[in-house]
Each structure stands twice: as structure tokens, then as C-alpha cells.
Amino acid sequence: MILMSKGCTFTLNTVDMKRCPDALKELAPGTQPPFLIYNGEVKTDVNKIEEFLEEKLTAPRYPCMTPKHKESNTAGNDVFQKFSAYIKNQVPAQDDHLQKNLLRSLLKLDLYLKNPLPYELCRDPKMTVSKRKFLDGDNLTLPDCNLLPKLHIINIVCCQYRGFEIPKDLQGISRYLANAEEQKAFKYTCPHSSEIILFYRDVVRKMP
């Protein structure tokens, strides 16, 4: 998403990690993709990779994707953790509690997306609900590239295995996802739903 958002030319090669070439295994032993190689140095931490790309792909040739508001960096940062706890839970009696934890995190994110940012209030002091498209404004930033794919996974997996979706009345998130669907960087980099469902098949507790 970052490379496409920045307008970079790149080649995408898919790899079956269960049968990947030995050379790939040797690059970052015990590490799952993504990882980045630059001048012989291997970077495996996603945050470090994002920072590196932002540092190297700079303006004016490439758009800056660093948020202007520090709160945008952490908005929704616990949603995927709550989702994982819910979807991987092996104790049925805990499902309601874990689902509520996930909903609370989603509600917190929804409130952030609905609350106007300072620049919006400068334009319209009477604004009560934000009209921005993404976390930090009308352009994708690094946190969006991290969060949007996770929200997509949450909707697909929870719908398939728990009959649960991100509530439509969370209007901030609904607007956020709808705007993302219009972005090539999101639409063309998301895995197909069937791949996501297959990936989670072995880690989700089967419903009775």
C-alpha cells in the first residue's frame, strides 16, 4: 500500500512460504514476510520498514505519508489484538466478553474518526462531525496502510467464522472503509477474501 500510494514502480512476486526457495529462507531465518533488503541489510520489523520507506522516498518526488497529528499514529492500534483474542478463543463461555472488548476498541476508533481534527475546526469552528476520509485527513498516511488491511481482515474473518461484522452504525469506520475502497492502493493490495478465510481456518475455534 505504501509503495503504491507513493507512486513507486515495483514488481510483486508471490511466494508460498511452505515451499519457498532456500535462498529466501536464509535471508531472514524464522521470520515471516514482509521483510525488506537494502544494500545487503535485511529489515524485518514492519514499523522499521515503514520508517525506512518514508525516509528514502521523500518529497518532492514522492508524497509524505507521515501523519501531521500524533494521535493518528495510535488510533485503532489495539483493535487487531482484541480481534485476535476473540477469534482464536478456545473457551466458548468467554466469547461474549471478548466480543465486547473488540467492540469497545472499534467504538474508540470510530469516535476518533468522527471527531474533527484541529485543521477541520479551523476551517469550520461549528463542525461537530469530521468529514475527512482517513485517519489524518483526506490522504492516506502510514497508519492507514497499517490499519485498513486489518479492518478488512476483521470483517471477513468474523463474518465467516462468527457471524459478526463491524457494526454499520459505527459511521466513522463505515465512512473510513468506504473511502478506502475507492483507493487503488487499498483495493489492489488486499488479499482475496477466500485467501483470508483459508489462512484463518486452522486457528479459529470451530463453532458448534
Side-chain angles (χ1 to χ4, degrees), residues 1-8 31-36 38 41-86 100-155 166-167 169-187 189-190:
M1 275 188 74
I2 294 171
L3 292 174
M4 190 171 284
S5 296
K6 282 183 172 287
C8 295
T31 302
Q32 291 293 316
F35 45 81
L36 182 145
Y38 185 80
E41 181 183 354
V42 181
K43 299 181 185 295
T44 59
D45 182 87
V46 173
N47 292 327
K48 295 295 183 184
I49 292 173
E50 289 179 353
E51 291 172 5
F52 175 82
L53 292 174
E54 187 68 358
E55 178 186 321
K56 294 296 181 182
L57 305 173
T58 57
R61 183 174 181 182
Y62 302 105
C64 174
M65 295 185 68
T66 300
K68 292 181 173 62
H69 308 87
K70 63 179 182 179
E71 295 83 4
S72 297
N73 282 307
T74 55
N77 64 349
D78 64 341
V79 169
F80 203 73
Q81 177 187 355
K82 299 295 173 62
F83 155 74
S84 294
Y86 171 55
K100 287 177 182 176
N101 284 345
L102 172 58
L103 283 169
R104 274 193 287 269
S105 292
L106 289 169
L107 178 59
K108 184 178 177 182
L109 170 61
D110 188 68
L111 289 173
Y112 182 74
L113 289 165
K114 287 194 294 189
N115 286 338
L117 291 176
Y119 82 90
E120 293 180 284
L121 292 174
C122 284
R123 294 176 183 174
D124 181 2
K126 295 182 179 180
M127 179 182 288
T128 57
V129 178
S130 174
K131 296 179 181 179
R132 70 187 189 277
K133 294 181 178 180
F134 304 111
L135 288 172
D136 203 61
D138 288 334
N139 297 310
L140 289 170
T141 56
L142 296 179
D144 293 304
C145 294
N146 188 298
L147 181 60
L148 282 167
K150 291 177 179 178
L151 292 175
H152 178 67
I153 289 170
I154 289 171
N155 251 347
I166 296 174
D169 57 356
L170 295 181
Q171 296 175 358
I173 295 180
S174 294
R175 184 187 73 236
Y176 184 46
L177 290 172
N179 287 324
E181 289 288 348
E182 297 177 1
Q183 299 292 311
K184 289 183 179 179
F186 175 75
K187 191 162 52 174
T189 58
C190 274

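These values consider heavy atoms only, across backbone and side chains, with no hydrogens, waters or symmetry-generated copies. Index from 1, following the sequence.
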Is there side-chain contact between [X] and [Y], with at least one heavy-atom pair below 4.5 Å?
{"X": "Ile173", "Y": "Pro167", "value": "no"}
{"X": "Asn146", "Y": "Asn77", "value": "no"}
{"X": "Pro149", "Y": "Thr189", "value": "no"}
{"X": "Leu148", "Y": "Tyr176", "value": "yes"}
{"X": "Phe134", "Y": "Asn139", "value": "no"}

[X] side chain to [Y] main-chain N or O, any donor-acceptor pair under 3.5 Å?
{"X": "Arg175", "Y": "Leu113", "answer": "yes"}
{"X": "Tyr86", "Y": "Leu102", "answer": "no"}
{"X": "Glu54", "Y": "Cys64", "answer": "no"}

Lys48, NZ: over 12 other non-hydrogen atoms inside 6.0 angstrom
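12 or below, so no.
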Under 6.0 Å from the CD atom of Glu71, do we count more than 12 heavy atoms belonging to anything else shown?
yes
How long is the gap from [atom1] on [X] to [atom2] on [Y], to the nearest 0.5 Å?
{"X": "Met65", "Y": "Thr58", "atom1": "CE", "atom2": "OG1", "value": "14.0 Å"}
{"X": "Asp110", "Y": "Ser105", "atom1": "CG", "atom2": "OG", "value": "12.5 Å"}
{"X": "Thr74", "Y": "Tyr112", "atom1": "OG1", "atom2": "OH", "value": "7.5 Å"}
{"X": "Met4", "Y": "Leu140", "atom1": "CE", "atom2": "CG", "value": "11.5 Å"}
{"X": "Thr66", "Y": "Glu51", "atom1": "OG1", "atom2": "CD", "value": "9.0 Å"}
{"X": "Asn115", "Y": "Met127", "atom1": "CG", "atom2": "CE", "value": "11.5 Å"}

Derivation and outcome, side-chain contact (heavy atoms from CB on, under 4.5 Å), residues Leu170 and Leu107:
CA-CA 7 Å; Leu170 295 181; Leu107 178 59; 4.0 Å; yes
Under the side-chain contact (heavy atoms from CB on, under 4.5 Å) test, residues paired with [X] that sit two or more places apart:
{"X": "Pro143", "answer": "Pro67, Asn73, Leu135, Thr141"}
{"X": "Pro63", "answer": "Lys6"}
{"X": "Lys56", "answer": "Tyr38, Phe52"}
{"X": "Asn101", "answer": "Lys82, His97, Leu98, Arg104"}

Pairwise salt bridge (charged side-chain N to carboxylate O under 4.0 Å, His left out) hits with a residue in residues 135-150, at least two apart
none
Not counting sequence neighbours, list each pair that qualifies as a salt bridge (charged side-chain N to carboxylate O under 4.0 Å, His left out) and has a residue in residues 121-131.
none
Which atom of [X] lies closest to which atom of [Y], heavy atoms considered:
{"X": "Phe35", "Y": "Ile49", "result": "CA-CD1, 3.8 Å"}
{"X": "Met1", "Y": "Ala185", "result": "CG-O, 3.0 Å"}
{"X": "Cys8", "Y": "Leu57", "result": "SG-CD1, 3.5 Å"}

List for me each residue that meets salt bridge (Lys or Arg N to Asp or Glu O under 4.0 Å) alongside Glu41, sequence neighbours excluded, and say none if there are none.
Lys43
According to side chain to side chain donor-acceptor pair (under 3.5 Å), who are the partners of [X], at least two apart in sequence or on a separate chain?
{"X": "Ser174", "value": "none"}
{"X": "Asn155", "value": "none"}
{"X": "Ser130", "value": "Glu120, Arg132"}
{"X": "Gln183", "value": "none"}

Kindly write out the residues that satisfy ring pair (Phe, Tyr, Trp, His ring centres under 6.0 Å) with Phe83, not counting sequence neighbours, or none if the list is empty.
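Phe80, Tyr200.
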